[in-house]
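Below is one structure, written out as structure tokens; comments come after it.
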Amino acid sequence: MIISLVIHGAPGTTQGAQTALTFCRAALAADHRIYRVFFYEDGVHNANALSVWPQDEYDLNAAWATLVREHELDAVVCVASALRRGVLNAEEASRYEKTGVSVDPAFDISGLGQWVDACLNSDRVVSFGV
Amino acid sequence: MIISLVIHGAPGTTQGAQTALTFCRAALAADHRIYRVFFYEDGVHNANALSVWPQDEYDLNAAWATLVREHELDAVVCVASALRRGVLNAEEASRYEKTGVSVDPAFDISGLGQWVDACLNSDRVVSFGV
Amino acid sequence: MSTLHIVNKSPFRTDALQRCLALVSPGDSILLIEDGVLAANLSTLADSLAGRDVNCYALSEDLVARSVSVADTCIWTVDAAGFVTLVCEHRNSLSHG
Amino acid sequence: MSTLHIVNKSPFRTDALQRCLALVSPGDSILLIEDGVLAANLSTLADSLAGRDVNCYALSEDLVARSVSVADTCIWTVDAAGFVTLVCEHRNSLSHG
Amino acid sequence: MKTLTFLARSGPYGSSKAKALLDMVLSAAVFEQKIQYIFLDDGVYQLLAGQDPALLAAKNVSAALPALELYGVDQVYLDLDSLQARGLSTDQLLIPASTCSAGDISKMIAESDMVFSL
Amino acid sequence: MKTLTFLARSGPYGSSKAKALLDMVLSAAVFEQKIQYIFLDDGVYQLLAGQDPALLAAKNVSAALPALELYGVDQVYLDLDSLQARGLSTDQLLIPASTCSAGDISKMIAESDMVFSL
């Protein structure tokens, strides 16, 4: 089946992002196709490349970035959610004269249209961290 | 009186950070002394200097930074909370080889000891966004 | 020697107000803020407080924002300055998570 | 043509499970995940489901993490792979906020 | 065309959820999908007339409601039980919404391709 | 020395709240304050023996509990009503905790300089 995920929760603060990661891996292991992972609201923090996790804790940011790269997933961060949360790519950091780039390049930054497109092209859309 | 604040919520996602800001202004207007504002857990996002708010929305990040500067408030971001959320100063960004500095320099980054110290030296400690 | 109980959650979605009511002592006060003010137009809240020597307040900024009115004369409205005063008038405050 | 209702909140702190139960149709399923699994050892949940043609599941990873056991034989445990299967077997899913 | 159902269950200013769901609804409307926008639980407070969040430095979430029809969002429902449980009545609402019951909502969910709840 | 009371009311893995409050307790203990650590509501689940969050890639929140006394946190209480409402009993707990009632908690709150609840 063709499945998309919408992730609303920040890593660590609530469990939703971790549940989504486990679900995503299980879906890939069962040979389903992940059409898109859409990070919305606080979910955009999963794409933050500046996060530094303690050595003895699981780095959920790194885990997402690795999964996205290994499976060449279409991982999209909602631009409206990301800007107000300081999750920026190089272009935005430069446009708004900010002191750093914070999004992991494994993730694209785009609009809610990408979420609608995921709804239209997926058999199932599952929301996490609501 | 001597009052300290503990802020648990991210700006925008929940209302707590805005309530705290209004409370802080009212306390200053009533000539109370704000000993410290301690940003914990998701509250550290209030100190994120990379945030870009839409033109027609209230920029709570800028409002905090302005209030802290104008009143020379002791505003402390919990280091353990901040690191895993990608809120970094120049020193940390360099140490962990990250692509940007994200904390507004109006805020200090330090440990929970600063929160204990606030408890010991304040008449009242009020928590927001729990 | 009393506590200001701060409730910021809707009484319809979570147990925060109910748990607060289980922990208030005579002489304590309750302040409803944020979605907590949705309790202000419940007559059942006034019933729960009757005869308990507990004052109840609701933050006016949050009431006005939500277009919620206060049902009962036993609930006072305060603004941010009043919130600060309440914090000072009580020995401690408890933000109910 | 049925719905997978996903509940991730504690039944003791929020109304998420209760509201889910108000919206399930015959043929739907409920999946308890995260703090939602705290409902799995409530005999009242089994009572609410009796005779309604609604299957109820709990995510085993979350049960094991919390050391919570399943009270009733009418609640099945599934792992992440089972979660994926449930999503595929139902027409849509509803994550109750 | 797909049928997308949105359950608005949160009060308007305590969190960004009301606004986040509204943005999803408006985006789906641009793509001309069949939309069912249902206000229930604390979501019914989003419909109250007279909201004024200026002192919260927040935008009025209800301001967009009258424009929903222009966006093609014409199936707007209100759970009557939720309204009454909160001591509110339909004449306090900013826009007309068809009242519905939990049973009606269950049916709309069953007929949807996707459901989103915030 | 101040009296700080901590109300642990959240389950252990659904959010970071349990860990965040524990870190506050341990920090206050380092400064040798008088600490009252009270588990109530869903917080009683933090005390359950046999937790194993390995599959959630999370650290075991209960692992620090046996060390509390070493940190000088010896006033650990458990709300018996919360435990019983969840169908649990004291013999399922990892550490001994003095049971208390809502009335006892009210008294401890009244005698505190500051109270924190997560």
Side-chain angles (χ1 to χ4, degrees), chain A residues 8-14 16-18 40-65 77-105 107 109 111 129-130, chain B residues 8-14 16-18 40-65 77-105 107 109 111 129-130:
Chain A
H8 295 255
T13 306
T14 54
Q18 175 64 46
Y40 193 42
E41 292 272 291
D42 276 356
V44 301
H45 289 303
N46 289 284
N48 195 331
L50 301 185
S51 298
V52 180
W53 288 80
Q55 296 278 0
D56 63 341
E57 284 185 34
Y58 186 74
D59 183 339
L60 189 49
N61 289 80
W64 270 117
V77 168
C78 170
V79 62
S81 303
L83 282 173
R84 62 188 79 196
R85 287 169 179 82
V87 176
L88 310 178
N89 59 21
E91 192 189 329
E92 289 157 348
S94 151
R95 180 187 314 155
Y96 297 106
E97 300 178 357
K98 294 295 186 179
T99 52
V101 173
S102 46
V103 74
D104 189 295
F107 300 79
I109 297 186
V130 294
Chain B
H8 296 255
T13 305
T14 54
Q18 175 64 48
Y40 194 43
E41 292 273 293
D42 277 356
V44 301
H45 289 304
N46 288 286
N48 194 331
L50 302 184
S51 297
V52 180
W53 289 80
Q55 296 278 1
D56 62 343
E57 284 184 36
Y58 186 74
D59 183 339
L60 190 49
N61 289 80
W64 271 117
V77 169
C78 170
V79 61
S81 303
L83 282 173
R84 61 189 79 197
R85 286 169 181 82
V87 175
L88 309 178
N89 60 21
E91 193 189 328
E92 288 157 347
S94 152
R95 179 187 314 155
Y96 298 106
E97 300 179 356
K98 294 295 187 180
T99 53
V101 173
S102 46
V103 74
D104 188 295
F107 301 80
I109 298 186
V130 295

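Sequence lines set the chain letters: A, B, ... in the order given, protein chains first and strands last, and positions in each chain run from 1.
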Query raised in the report: At their closest point, which heavy atom of B:T99 faces which heavy atom of A:V101, and how far apart are they?
Result: OG1-O, 2.7 Å
**Report entry** Inter- and intrachain pairs under side-chain hydrogen bond (donor to acceptor under 3.5 Å, both in side chains), touching residues 83-96 of chain B, at least two apart
**Finding:** A:T13-B:R85, A:E57-B:R84, B:D42-B:R85, B:E91-B:R95
Query raised in the report: What distance do B:N48 atom CG and A:N48 atom CG have between them, rounded to the nearest 0.5 Å?
Result: 7.5 Å
Query raised in the report: Looking at A:P11, A:A49, A:S102, which one has more heavy-atom pairs under 4.5 Å with chain B than the rest?
Result: A:A49
Report summary line: From the list A:A10, A:G100, A:G12, the residue making the most non-hydrogen contacts under 4.5 Å with chain B is A:G100
Query raised in the report: How close do B:L50 and A:L50 get, heavy atom to heavy atom, and via which atoms?
Result: CD1-CD1, 4.1 Å
Query raised in the report: Which residue pairs satisfy the salt bridge (charged side-chain N to carboxylate O under 4.0 Å, His left out) criterion with at least one member in residues 45-55 of chain A, sequence neighbours excluded?
Result: none
